[in-house]
A.B. asks: 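One structure is given below, represented as structure tokens, and several questions about it will come after.
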Amino acid sequence: MRCAPNPNGPWHVGHARMPAVIGTYRERYDGWFCVRFDDTDPETKRPDLEAYDAILEDLEYLGFEPDATYKASDRLETYYDHARELIDLGGAYTCSCSGEEFSELKNSGEACPHREKDVETVREEFAAMIDGEYESGEMVLRVKTDIEHKNPALRDWVAFRMIDTPHPREEASEYRCWPMLDFQSGIDDHLLGISHIIRGIDLQDSAKRQQFVYDYFDWEYPEVVHWGHVQLDDYEVKMSTSTISELIERGELDGWDDPRAPTLKSLRRRGIRGEAIVEAMVGLGTSTSDVDLAMSSIYAANRDLIDEETDRRFFVRDGNQVPLAGDPPAEANPPLHPNHEERGVREIPVGDSVMLEAEDLPEPDAEDTRLWLKGLGGFELEDGALRYATDDLDVVREEGVDVVHWVPADGRVPLRMRTIDGDVTGHAEPGVADLEPDELVQFERVGFARIDRHESDEEDDAETVAYYTHP
RNA sequence: GCUCCGAUGGUGUAGUCCGGCCAAUCAUAUUGCCCUCUCACGGCAAUGACCAGGGUUCGAAUCCCUGUCGGAGCACCA
């Protein structure tokens, strides 16, 4: 099988579907898969030189290593050879009609005069195309199909055209005569021994077009599956390489790994495992209709992978400072993970005031102003201060006192958490300053996050940056 | 306009080829309960779907027709 990306930028989430599915099939059926960059349009789909590696990186993140990698722009001579052969078989002709002219003839099912040229002339003109003797638009090579085919999309389609703009890859920059996708990909699929092709419904007619070429060469066409488009919920930003690229250029996104961008680099930075994405993608199946992928299914798969091994920490968003009273313990020792006592406990010096999320602070005139600070003890709000009341958990177990997370006012770590919907600031418990970048945590009652970096500027203002993973 | 393709709960999916075992599978989401010093994990439960109408048949999610809705192609893009 093959994955044939157009190297126009790093991958968005939707691109993960192809490798996810063919990679999974490879393992299941002991198959083979390659990546083939179909970069045969140096102009309107101009390849981005950095995208080749970016895509391979994304693939690695998903957990796959292709058995082989090709670039169509390295294989022009192969395409030329097959085109010559096709000409000799009487299956192609050079045509100098303008796109419009031809389109009109085609739509009324009429052949253009060039169709009946003798093979010798076609051969010469095609050689001239390869030598770059025509300008863009002057001459194309068409595959002779059936000019009266009931589906106009299949009538005598273009196989090669002239492009004046040099290819960005130096190795391919001298070529001017470029194959169209249907020709290039059709030839390559056979030459590379592809047995099964999966592609989008936008390429529904490709197999039928290419079948004409396969018939001339007496080749057998691979099995084909067409699938619909994937849409993602949860994102403001449209899942489209060009849109994301524009937003980055305009400075509205920080880059391909901005948490607001629906890209693989972004999910990676948020601490989501490639494996979880693959699982969600495989779950979509290969149906022809368009599908909506719920981010929650990626999150569910990821949570499954990380929950057991991820330690717990406190992070208070925004936060109101509340003084403590009544002589509470000097240190709190909540466990690193509730299901794994053996990992030990955190050591949080309490001090004389704490930060709480605004929502968690009881109204002063509420019926019950009691609160249990997780890992510390029971308190009651009195005159704007939290008075230590008990270390007896029964007030939680039997009297339904709310359990909340908190951080000490002293030693708290300023933290900025980057999310899909923008940044959230607040404070984390002291130990968070010592976590290694790339470590995952679960902020209790907030969600999972990946520690990205610890920043400190000249003014001594330290700030830890984390990327929100998911609830 | 011409040509293709599709339609199962909020989402995804199984079942459709070869009609009965489907008062429709599984996952996720939602809600409730249990567990729990988290609204995480785990356990239990509930809600929730065969696009519509005809036809064939003893019997239709499954076969046929029509309609509706949705998608795609008709590029010297991929």
Side-chain angles (χ1 to χ4, degrees), chain A residues 4-8 37-41 43-47 72 95-100 102-103 106-107 109 134 136-142 149-155 157-163 177-182 184-185 199-206 208-209 226-231 233 241 279-301 303-304 306-308 310 312 314 332 334-335 337-340 372-378 391 393-397 401-405 442-448 470-471:
Chain A
N6 169 24
N8 62 346
F37 292 100
D38 283 354
D39 54 351
T40 55
D41 184 350
E43 198 166 272
T44 47
K45 291 271 160 117
R46 188 169 179 78
C95 169
S96 52
C97 293
S98 72
E100 260 172 46
F102 187 84
S103 178
K106 179 189 73 179
N107 288 334
Y134 299 103
S136 158
E138 248 183 279
M139 185 69 82
V140 299
L141 183 76
R142 291 184 185 281
H149 194 103
K150 66 173 178 171
N151 185 348
L154 309 186
R155 297 173 187 163
W157 46 275
V158 173
F160 286 82
R161 81 295 207 189
M162 305 303 299
I163 295 179
C177 174
W178 287 90
M180 300 286 288
L181 174 81
D182 278 318
Q184 172 266 121
S185 146
R199 59 178 154 224
I201 38 173
D202 46 333
L203 265 23
Q204 274 175 125
D205 292 331
S206 272
K208 293 173 192 157
R209 280 204 194 102
H226 296 280
W227 62 22
H229 301 288
V230 184
Q231 284 190 328
D233 63 358
T241 306
E279 215 171 289
M281 286 296 174
V282 170
L284 289 183
T286 56
S287 81
T288 333
S289 27
D290 291 354
V291 292
D292 293 332
L293 173 63
M295 282 306 290
S296 62
S297 61
I298 293 182
Y299 297 160
R303 200 179 295 121
D304 232 22
I306 66 171
D307 185 62
E308 283 299 316
T310 305
R312 271 48 177 172
F314 290 145
H337 191 114
N339 304 350
H340 294 279
W372 183 275
L373 301 194
K374 228 168 135 48
L376 216 206
D391 64 352
L393 253 181
D394 282 348
V395 297
V396 173
R397 292 194 175 125
V401 168
D402 289 338
V403 175
V404 303
H405 60 291
Q442 188 209 57
F443 290 130
E444 297 195 55
R445 304 212 305 142
V446 175
F448 293 88
H470 51 64

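Numbers restart at 1 for each chain; the letters A, B, ... are given by sequence-line order, proteins then strands.
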A.B. asks: Would you say the side-chain atoms of His337(A) pair up with the backbone N or O of Thr310(A), donor to acceptor, closer than 3.5 Å?
C.D. replies: yes
A.B. asks: Taking atom C1' of C4(B) as reference, at what distance in whole Å does atom CZ of Arg155(A) sit?
C.D. replies: 14 Å
A.B. asks: Given atom CG of Asp307(A) and atom P of U38(B), what is their separation to the nearest angstrom?
C.D. replies: 13 Å
A.B. asks: Can a donor-acceptor pair be found between the side chains of His340(A) and Glu308(A) at a distance below 3.5 Å?
C.D. replies: yes
A.B. asks: Please check: side-chain N/O of Asp304(A) versus main-chain N/O of Ala300(A), any donor-acceptor pairing under 3.5 Å?
C.D. replies: no
A.B. asks: Nearest whole Å is fine: how far is A78(B) P from Ile163(A) CD1?
C.D. replies: 7 Å
A.B. asks: May I ask you to check whether over 12 heavy atoms, not counting those of Glu138(A), lie within 6.0 Å of atom CD?
C.D. replies: yes
A.B. asks: Figure out the OH/P separation between Tyr299(A) and C41(B), and round it to whole Å.
C.D. replies: 15 Å
A.B. asks: Using the P atoms only, state how far A75(B) lies from C18(B), rounded to an integer number of Å.
C.D. replies: 37 Å
A.B. asks: Determine the Euclidean distance between corresponding C1' atoms of A72(B) and C77(B); express it in Å to zero decimal places.
C.D. replies: 15 Å
A.B. asks: For nucleotides 25-29 of chain B, give me every protein contact, N/O to N/O, under 3.5 Å, one pair per line with atom names.
C.D. replies:
none

A.B. asks: For Ser98(A), check side-chain hydrogen bond (donor to acceptor under 3.5 Å, both in side chains) against everything at least two apart and list the hits.
C.D. replies: Glu101(A)
A.B. asks: Both atom distances under 3.5 Å, Watson-Crick or G-U wobble: I'd like the secondary structure of RNA chain B as a dot-bracket string, with | for pairs made across strands.
C.D. replies: (((((((..(((.......[.....))).(((((.......)))))....(((((..]....))))))))))))....
A.B. asks: For Asp41(A), which of Arg46(A), Arg161(A), Met180(A) qualifies under side chain to side chain contact (heavy atoms under 4.5 Å, CB included)?
C.D. replies: Arg161(A)
A.B. asks: Between C50(B) and A23(B), how far apart are the two P atoms, rounded to whole Å?
C.D. replies: 14 Å
A.B. asks: Determine the Euclidean distance between corresponding P atoms of U16(B) and C4(B); express it in Å to zero decimal places.
C.D. replies: 26 Å
A.B. asks: Identify all pairs in which a protein N or O lies below 3.5 Å from an N or O of nucleotides 35-37 of chain B, and state each distance.
C.D. replies:
from, atom 1, to, atom 2, distance (Å)
C37(B), OP1, Arg397(A), NH2, 3.2
C37(B), OP2, Arg397(A), NE, 3.3
C37(B), O2', Lys374(A), NZ, 2.5
C37(B), O2, Trp372(A), NE1, 3.0
C37(B), O2, Gly375(A), N, 2.7
C37(B), N3, Gly375(A), N, 2.9

A.B. asks: Whole-Å distance between U38(B) C1' and Asp402(A) CG?
C.D. replies: 12 Å
A.B. asks: To the nearest 0.5 Å, what is the distance between CD1 on Ile201(A) and NE2 on His229(A)?
C.D. replies: 4.0 Å
A.B. asks: What does Leu284(A) touch in the nucleic acid at a heavy-atom separation under 4.0 angstrom: a base, only the sugar-phosphate, or nothing?
C.D. replies: sugar-phosphate
A.B. asks: Using a cut-off of 4.0 Å between protein heavy atoms and nucleotide atoms, how would you tag nucleotides 68-76 of chain B 5' to 3' with B, S and -?
C.D. replies: ---BBSSSB
A.B. asks: Taking U25(B) as the reference, what is the distance to C64(B) when you measure between their P atoms (whole Å, please)?
C.D. replies: 25 Å
A.B. asks: Provide the distance between the two C1' atoms, one in U56(B) and one in G19(B), to the nearest whole Å.
C.D. replies: 11 Å
A.B. asks: Are the side chain of Asn6(A) and the backbone of Pro47(A) linked by a donor-acceptor contact shorter than 3.5 Å?
C.D. replies: no
A.B. asks: Mind checking the C1' distance from U8(B) to C51(B)? Whole angstroms is fine.
C.D. replies: 10 Å
A.B. asks: Between Asp304(A) (CG) and A40(B) (P), how many Å, whole number?
C.D. replies: 14 Å
A.B. asks: With the criterion being N/O to N/O and under 3.5 Å, what pairs connect the protein with nucleotides 43-52 of chain B, and how long is each?
C.D. replies:
none

A.B. asks: Could you measure between the two P atoms, the one in A24(B) and the one in G48(B), and give it in whole Å?
C.D. replies: 12 Å
A.B. asks: I need the Tyr134(A) OH to Met139(A) CE distance, nearest 0.5 Å.
C.D. replies: 3.5 Å
A.B. asks: In whole angstrom, give the distance that lies between atom CE of Met295(A) and atom C1' of G10(B).
C.D. replies: 17 Å
A.B. asks: Where do Lys374(A) and Asp402(A) land on the salt bridge (Lys or Arg N to Asp or Glu O under 4.0 Å) test, with the steps shown first?
C.D. replies: CA-CA 10 Å; Lys374(A) 228 168 135 48; Asp402(A) 289 338; over 6 Å; no
A.B. asks: Is the shortest side-chain heavy-atom distance between Cys95(A) and Phe102(A) below 4.5 Å?
C.D. replies: yes
